[in-house]
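Below: the structure, in structure tokens.
Just follow the structure's listing: the first ligand is 1, and inside any ligand the first atom is 1.
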Amino acid sequence: MSSKPSNPAHLPAPTAHPLPSYLNADHVGPWGIFLQQVDRVEPYLGNLARWVETLKRPKRILIVDVPIHLDDGSVAHFEGYRVQHNTSRGPGKGGVRFHQDVTLSEVMALSAWMSVKNAAVNVPYGGAKGGIRVDPKTLSRGELERMTRRYTSEIGIIIGPNKDIPAPDVNTNDQIMAWMMDTYSMNQGSTATGVVTGKPVDLGGSLGRREATGRGVFTVGVEAAKHIGMDVSKARVAVQGFGNVGGVAGKLFAEAGARVVAVQDHGGTIYREAGLDVPALLRHVAEHGSVGGFKDAEVLANDKFWEVPCDILIPAALEQQITKTNAGRIQAKMIIEGANGPTTPEADDILHERNILVLPDVIANAGGVTVSYFEWVQDFSSFFWDEDEINARLVKVMRDAFTAIWQVSNDHKVSLRTATFIVACKRILHTRELRGLYP
Ligand code: NAD
């Protein structure tokens, strides 16, 4: 038997070597924001802080060239990424984004936030993210399929049902997941439904996945409202983004009796003090693509959205929407971040000073990845659950996670964002310590 110390916490801390240039701590992009968030959490990590360097360096970064034939016969090259930030707790997990502004810094940050989110809700995954710098609206359906399939083949060396499981994100959907699953399966020689989540239900997808993120937003909102003595059935709600996340969250709040007074999307901003007719608005958006032109509502200038009288504000559209220029005007008592990264760090500080409760993205929008986890489990067992069971399990996971984070926030007198990072980073670094270093 070896007489080595059984408690690795007694070992000296690993030496902090300078970061490679692309991981520079002065970096101002999304990755820089993530590094600042890690710095904030470090004092609360106790002995586990000795492993904190792990969080500042993604485990694996893959940059791929994606050449395809365009319909006119020419060849186009796109730049694609897959970053596995951390796999201490299990396979990498995170979406794939097709957008003209995708950068390595953004994908690294999104992959790191997935590590935090997955650990916060305690699903057995690490964090990963992928993307291609492309405006998919400029591609035909055939070009989009060829690009998706070539990208999947290129990242095929690091993804797999037990290695890293992509999912939809901005501008990717269930059809793109079906192409990714098929390409991976063809390369492997057998059907591997568990390689991606967010698939069509007829192809191993899960019931309830489409609504899961909005349902999670609603669930943590209701839990937080209980803590601050807010009656959700009397609350006024403003929602930015009325798509998958914002539309479902708005519908669930309206069903709970809340008044959805303002909605903004890419087509404009509408307001009705007595509350908008949400089912009618959802039908209007499905038909016309945006809230623009909806009857029975006042039209507001877009910037006025941020100052509408409301109790709950749900940003569910884009990154960096709540900034130092509008944070001082927000009237809500609670903000539930449906989108990823909607609040800048300066705005966060202003909201904190103004006593506005922020439920951060890393817990508030974790409902999507939670049901992705259920989808993956169902694929492995080839046994599919009914929607009531999925929703009940989702609500339990979100409530338990939120309760633990609320407690840590009270214990340490820190924001819910820092509390979520404390819970998640401790879980990640604890598994890092248990596993030790290979070789
Ligand atoms: P979506 O495409 O279904 O909806 C996006 C909404 O944002 C649309 O209503 C669109 O009109 C609106 N929008 C776009 N540009 C806008 C602008 N300039 N001003 C105001 N509104 C604008 O996307 P989604 O799936 O609902 O995702 C929204 C956000 O939630 C993204 O940040 C995404 O990363 C995040 N998110 C989504 C999921 C998920 O499961 N879908 C999970 C976690 C996080």
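Judged by a 6.0 Å distance limit and a 45° cone about the ring axis, R393 is positioned over the six-membered ring of W385.
Residues passing the salt bridge (charged side-chain N to carboxylate O under 4.0 Å, His left out) test with R133 are E79, sequence neighbours excluded.
Classified by interplanar angle (parallel below 30°, tilted 30° to 60°, perpendicular above 60°), the ring pair F98/Y151 is perpendicular. Aromatic ring pairs are classed by plane angle as parallel below 30°, tilted from 30° to 60° and perpendicular above 60°; the pair F34 and W113 is perpendicular.
A donor and an acceptor atom, one from each side chain of K333 and N355, are nowhere located under 3.5 Å apart.
At a heavy-atom cutoff of 4.0 Å, ligand 1 is surrounded by R97, D169, R209, T213, Q240, G241, F242, G243, N244, V245, Q264, D265, H266, A316, A317, L318, G338, A339, N340, N365.
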Could you walk me through whether E42 and K426 pass salt bridge (charged side-chain N to carboxylate O under 4.0 Å, His left out), step by step? CA-CA 10 Å; E42 192 171 342; K426 279 188 168 175; over 6 Å; no
